[in-house]
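Working notes for the structure below.
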Amino acid sequence: MRIALVSFDGMEELDLVGPWEVLRMWQLQYPDDGADVFTVSLDGETVTCAKGMQIVTDMPATEMGPVDVALMPGGRGTRELIKRESALDFVRETAGSGSLMTSVCTGSLVY
């Protein structure tokens, strides 16, 4: 099961790091379950979160390939994402491939 945690400028740190910690612990403690948890950046760059934390993701979203689950964090940055056609294209393509689309808080606005 491939689980992509999507990141973008202005997201709330906890909205990404909290799910990442829980899901990675599952991956590490139960490797036979086959979970593959990773982070992606929509623009392929280092992400600056709402309170200044910077995150270097595992890969750009354009390189993630098919995923079973995509998680969109929330935060003030979602207001800009819903105006970006490239971000909406990413959501459409990911959802259209049959991925489970999950979110934290205002991440749902992007969907």
Side-chain angles (χ1 to χ4, degrees):
M1 175 181 297
R2 299 187 74 237
I3 303 171
L5 303 177
V6 182
S7 62
F8 52 89
D9 287 335
M11 69 177 185
E12 283 296 324
E13 290 86 343
L14 186 59
D15 288 3
L16 181 85
V17 176
W20 177 85
E21 184 175 1
V22 171
L23 293 168
R24 282 287 292 172
M25 184 57 91
W26 170 39
Q27 178 181 347
L28 295 171
Q29 287 199 340
Y30 301 97
D32 292 342
D33 287 352
D36 179 19
V37 180
F38 55 92
T39 57
V40 299
S41 167
L42 288 178
D43 61 8
E45 302 295 324
T46 298
V47 172
T48 302
C49 300
K51 296 173 192 69
M53 176 187 235
Q54 292 193 317
I55 296 176
V56 176
T57 61
D58 296 313
M59 69 189 78
T62 55
E63 296 177 9
M64 74 178 192
V67 297
D68 298 293
V69 179
L71 182 136
M72 183 73 67
R76 296 192 66 70
T78 59
R79 279 74 167 175
E80 290 303 314
L81 277 189
I82 61 175
K83 298 175 190 174
R84 284 181 32 203
E85 198 59 37
S86 61
L88 299 177
D89 286 344
F90 165 80
V91 169
R92 289 182 195 111
E93 289 172 24
T94 305
S97 72
S99 299
L100 173 65
M101 307 297 284
T102 64
S103 62
V104 176
C105 198
T106 56
S108 63
L109 296 175
V110 182
Y111 295 156

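Bear in mind that the values here come from a model prediction, so they are computed numbers and not experimental data.
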Ile55 to Cys49 - nearest heavy-atom pair and separation: CD1-SG, 3.7 Å

same_hphob_cluster(Val56, Met53) at 4.5 Å side-chain heavy-atom cutoff: no

Side chain proximity check, Ile3 to Gln27, heavy atoms < 4.5 angstrom: no

Residue Met59 excluded, over 12 heavy atoms near CE under 6.0 Å: yes

Nearest non-hydrogen partners of Ala4 and Met64, listed with the distance: CB-SD, 3.9 Å

Minimum heavy-atom distance between Gly75 and Arg79, given as atom pair plus value: O-NH1, 3.1 Å

Side chain proximity check, Val110 to Phe8, heavy atoms < 4.5 angstrom: no

Check: Thr78 side chain, Gly107 main-chain N or O, donor-acceptor pair, under 3.5 Å: no

Shortest non-hydrogen separation from Ser7 to Thr57 and the atoms involved: OG-CG2, 3.0 Å

Heavy-atom check, side chain of Leu42 versus side chain of Leu81, under 4.5 Å: yes

same_hphob_cluster(Trp26, Leu5) at 4.5 Å side-chain heavy-atom cutoff: yes

Straight-line distance of Asp36 CG to Leu23 CG, nearest 0.5 Å: 11.5 Å

Shared hydrophobic cluster for Val6 and Leu14 (ILVMFWY, side-chain gaps under 4.5 Å): no

Distance (rounded to the nearest 0.5 Å) between Leu16 CG and Met72 CE: 11.0 Å

Gap between atom CE of Met11 and atom SG of Cys105 - 0.5 Å precision: 14.0 Å

Thr102 side chain vs Ala70 backbone, donor-acceptor pair below 3.5 Å: yes

Steps toward side-chain contact (heavy atoms from CB on, under 4.5 Å) verdict (Glu45, Asp9): CA-CA 9 Å; Glu45 302 295 324; Asp9 287 335; over 6 Å; no

Donor-acceptor contact present, side-chain Gln54 to main-chain Thr46, <3.5 Å: no

side-chain contact (heavy atoms from CB on, under 4.5 Å) evaluation trace for Val67 with Val40: CA-CA 11 Å; Val67 297; Val40 299; over 6 Å; no

Carboxylate-amine/guanidinium contact Glu12 Arg76, below 4.0 Å: no

Lys83 side, atom NZ; Leu88 side, atom CG - distance, nearest 0.5 Å: 12.0 Å

Common cluster, Phe90/Ile82, ILVMFWY with side-chain heavy-atom separation under 4.5 Å: yes

ILVMFWY cluster, Leu109 and Leu100 together (side-chain gap under 4.5 Å): no

Verdict with reasoning, Leu71 to Trp20, per side-chain contact (heavy atoms from CB on, under 4.5 Å): CA-CA 10 Å; Leu71 182 136; Trp20 177 85; over 6 Å; no

